Engineer: 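Below is one structure. I have some questions about it.
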Amino acid sequence: MDAFSAVLQGLPMTIVLTLSAFAIGIVGAVPLALGLSSSNILVGLASRLFVDLVRGVPIIVWLFLLKFGIQIGTFKFNPVGAAIVGLGVVSVAYLAEIYRGGLQAVPRGQGEAAHALGLTRGTTFYGVMVPQAFRIVSPSIATYLTGLLKDSSIASTIIVAEMVFQSQSFARQHPTIEGILPYILVGILYIVLSLPVAYLSRRLDSRMRKAVYA
Amino acid sequence: MTWLTEWAAYLPQMMSGLSVSLLIAGVSIVAGYPLGLILSVMVSAKNTALRTLALAVVEVGRGAPALVILYLFYYGLPKFGIAFESITAACLALIWNSAAYSSEIMRAGIQSVGRGQLEASNALGLSQAHTFWRVIMPQGMRSAIPGLMGVAIQMFQGTSLAYAIAVPELMKSAYNIGSQDFNYLQIFTLAGLCYAAISMPATWITVFFEKRLARHA
């Protein structure tokens with residue numbers, strides 16, 4: 001088997017890891033972002049502490065903690081489960097911070113205007129604030145997704161058979177000069193994979209700009 | 001309570017790992033930022049070959065996972081007869097990373113300096129070098145500070161990847177202790193707290209700087 005098909009064997013797992021963790025993050029970050037912007041000091045502080053703690057610990061530590069440290073009765077994480085949950089928790093924290101920044105960037109007047117028009121708090125939030133905030137943060141979310149794609153490579157350290165793991169095992173079987181190829185190929189592949197995300201984000205962004213300003 | 005006494009017993013062993021982590025992070029920052037500055041200038045060079053080379057170095061450094069670059073240096077290059085010790089390979093990989101990220105931040109900082117500053121320097125008859133080093137750079141670097149601090153934190157956390165090539169840093173010390181008594185939960189929690197004890201205050205200081213800069217902008 002050549003180096004390229006060896007690396008490609010890990011591609012589905014890389015995509016599964018990235019998208020699963022991203023899905024956890026996109027949904028889980030919503031309540032946390034609300035907590036971060038809460039007017040209740042205790043809720044705000046607790047959310048802030050959680051976000052900073054999760055982001056302050058390297059991903060590899062989260063993965064090892066889940067994979068080797070967690071045992072509840074007979075339950076233990078398998079490598080893929082530990083990788084998805086670990087990457088998911090980290091993306092919850094990062095995306096919550098991105099959401100919070102977006103909500104904060106919506107001009108105050110928008111909320112006041114909605115209030116003056118007699119809109120309910122729910123409508124103000126979901127119909128006025130959230131759409132504008134989403135437009136502001138969509139490029140940051142896309143940047144985060146490409147970061148997450150790269151971070152999924154760390155799952156190889158807990159023996160998840162994604163792209164880096166596959167390139168490692170190919171390199172081990174080929175101690176000749178050919179053994180450097182998979183590392184170069186996998187590096188290029190990560191860069192190539194992040195291109196469509198950047199492209200889609202730009203398109204989405206310009207479409208939403210038209211929708212708002214046209 | 002038992003956790004605390006065990007942690008106290010493990011801490012000295014962890015500290016030697018932490019000092020290795022801090023050393024690698026320090027090297028990657030001290031060597032990476034000047035390289036990043038050179039790259040940021042090269043990226044806007046008129047010479048196409050120079051510009052393309054710098055762009056390639058930056059894009060690979062940012063686009064490929066740090067772990068891949070680490071493996072490339074440690075497992076890949078020896079196949080060309082270029083062998084590094086694991087800690088050297090880790091430093092080189094993270095230097096590439098920090099140079100690539102910091103060059104983008106410095107470029108953005110330099111670009112954020114108003115054109116008027118350049119025009120004013122020209123009007124005053126300042127030389128090109130003088131304009132760059134004494135007018136553009138100080139202002140550009142000032143707005144780059146929070147971003148560069150962020151990269152430094154990222155590099156410190158990135159040192160944990162050196163575990164994968166058996167560098168005796170914090171994560172490796174934790175794993176070694178854990179595999180003696182199988183108390184992985186305690187030991188990885190302690191390792192996480194060690195990383196957080198440095199990253200969290202550093203993040204708060206970064207946020208403080210960001211806010212101050214925003215106020216004076």
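Throughout, protein chains are lettered first and strands after them, A, B, ... in sequence-line order, and every chain is numbered starting at 1. These figures come from a predicted structure and were not determined experimentally.
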Engineer: Is it the backbone or the side chain of B:L77 that comes under 4.5 Å from a heavy atom of chain A, or both, or neither?
Structural biologist: both
Engineer: Highest number of heavy-atom pairs under 4.5 Å with chain B: which of A:I60, A:I184, A:L181?
Structural biologist: A:I60
Engineer: So what's closer than 4.5 Å to chain B heavy atoms on A:Q168: side chain, backbone, both or neither?
Structural biologist: side chain
Engineer: Which answer fits B:T159, side chain, backbone, both or neither, if we ask what part of it has an atom under 4.5 Å from a heavy atom of chain A?
Structural biologist: neither
Engineer: So what's closer than 4.5 Å to chain A heavy atoms on B:E59: side chain, backbone, both or neither?
Structural biologist: backbone
Engineer: Quick one about B:N183 and B:Y10 (side-chain donor to acceptor, distance below 3.5 Å, no hydrogens or angles considered), yes or no?
Structural biologist: yes
Engineer: Under a 4.5 Å cut-off applied to non-hydrogen side-chain atoms, are A:L63 and A:F77 in contact?
Structural biologist: no
Engineer: Looking at A:G147, A:S153, A:S194, A:S152, which has the largest count of heavy-atom pairs under 4.5 Å with chain B?
Structural biologist: A:S153
Engineer: Show your reasoning for whether side-chain contact (heavy atoms from CB on, under 4.5 Å) applies to A:V54 and A:V90.
Structural biologist: CA-CA 6 Å; A:V54 170; A:V90 174; 4.3 Å; yes
Engineer: Is the shortest distance from a Lys or Arg side-chain nitrogen in B:K172 or B:E169 to a carboxylate oxygen in the other one below 4.0 Å?
Structural biologist: no
Engineer: With chain A, which of B:Y75, B:Y71, B:Y184 has the greatest number of heavy-atom pairs at distances under 4.5 Å?
Structural biologist: B:Y71
Engineer: Would you say the side chains of A:D2 and A:S5 form a donor-acceptor pair under 3.5 Å?
Structural biologist: yes
Engineer: Using a 3.5 Å distance criterion without hydrogens, assess whether the side chain of A:E162 forms a donor-acceptor pair with backbone atoms of A:F165.
Structural biologist: yes
Engineer: Select, from B:F182, B:Y195, B:F156, the one with the greatest count of heavy-atom pairs under 4.5 Å involving chain A.
Structural biologist: B:Y195
